[in-house]
Amino acid sequence: MKGDNKKQQYRVNEQIRVREVRIVGDDIESEVLPTAEALRLADEKGVDLVEISPNATPPVCRLIDYSKFLYQQKKKAKDMKAKQVKIEVKEIRFGPQTAEADYNFKLKHAIEFLNEGNKVKAYVFFKGRAIVFKEQGEVLLLRLANDLEDIAKVESMPVLEGKRMIIILSPKKAAQPKKAQPKPMPAKEKSAGAESKQNVAEEISDETAE
């Protein structure tokens with residue numbers, strides 16, 4: 001074992017006292033060997049016998065330079081830590097009578113937050129006598145959850161806390177592609193759609209009158 005003065009996290013070489021082990025390593029065929037033979041093989045190759053899975057039957061040992069093995073483990077832990085995404089809770093505030101344009105604007109932000117892997121804490125703030133609209137606030141929050149159902153799951157249903165009704169949404173593990181995400185309807189399209197519906201209604205009215 002190459003001189004390593006650090007506290008050992010794994011049993012190495014003569015510290016392995018089981019009768020037999022399964023050996024693995026680079027350019028080595030996995031096989032079960034008596035521990036004494038595995039130690040001899042490691043010595044021949046100028047490496048260490050490192051126990052990496054003590055709870056397996058038999059325990060699994062890797063033929064590798066112990067210092068190199070520790071370096072690989074440290075690098076792997078560092079890479080995993082770097083890949084971890086810090087989850088934040090983003091807040092979005094609504095009024096009990098939020099206008100459609102404002103709702104769509106905040107829906108867009110909620111989509112961005114969720115796609116970034118963050119949770120969304122959306123709430124309706126009731127100012128003064130506006131508390132009489134609490135049912136309206138609940139409907140708004142449930143609508144938000146419904147519009148985001150493809151990319152978010154409800155972690156906490158709407159609940160009234162003081163003057164705020166809160167819902168918490170968290171991103172789904174398998175986020176849907178952006179094309180499948182709910183998008184606010186542009187004002188022009190919405191206007192055109194409304195106009196089209198009105199024309200259809202007028203035509204039906206004219207046919208009925210005839």
Sub-4.5 Å side-chain heavy-atom contact between Ile92 and Leu144: no
Taking the side chain as every heavy atom from C-beta outward, state whether Asp48 and Ile64 have any pair of such atoms under 4.5 Å apart. no
Heavy atoms from other residues, nucleotides or ligands near CD of Glu31 exceed 12 (cutoff 6.0 Å): yes
List the residues meeting salt bridge (Lys or Arg N to Asp or Glu O under 4.0 Å) with Asp102, not counting sequence neighbours, and say none if there are none. Lys106
For the residue pair Met157 and Leu142, establish whether any side-chain heavy-atom pair is separated by less than 4.5 Å. yes
Salt-bridged, Lys90 to Glu88, with N to O below 4.0 Å? yes
Asn13 side chain near Leu39 side chain, heavy-atom distance below 4.5 Å: yes
Close side-chain approach of Met165 to Tyr123, heavy-atom, < 4.5 Å: no
The salt bridge (Lys or Arg N to Asp or Glu O under 4.0 Å) partners of Lys75 (sequence neighbours excluded) come to Asp79
Validation row: Gln15, Val12 side chains within 4.5 angstrom (heavy atoms): yes
Quick one: are Ile16 and Pro59 in side-chain contact, heavy atoms under 4.5 Å? no
Pairing donors with acceptors under 3.5 angstrom, does anything connect the side chains of Asp147 and Tyr103? yes
How long is the straight-line distance from SG of Cys61 back to CG of Leu33, given to the nearest 0.5 Å? 10.0 Å
Sequence-distant partners of Phe69, ring-ring contact (aromatic ring centres under 6.0 Å, His included), two or more places apart: Tyr10
Enumerate donor-acceptor pairs with a distance under 3.5 Å from any side-chain N or O in residues 17-26 to protein atoms, sequence neighbours excluded.
{"from": "Arg22", "atom 1": "NH1", "to": "Ser30", "atom 2": "OG", "distance (Å)": "3.4"}
{"from": "Asp26", "atom 1": "OD1", "to": "Arg62", "atom 2": "NH2", "distance (Å)": "3.3"}

Under the rule for salt bridge (Lys or Arg N to Asp or Glu O under 4.0 Å), what residues qualify as partners of Glu44, not counting sequence neighbours? Arg40
Listing request: all salt bridge (charged side-chain N to carboxylate O under 4.0 Å, His left out) pairs with a residue in residues 158-168, at least two apart in sequence or in separate chains. none
Could you check if a side-chain atom of Lys121 sits within less than 4.5 angstrom of a side-chain atom of Ile166, using non-hydrogen atoms only? yes
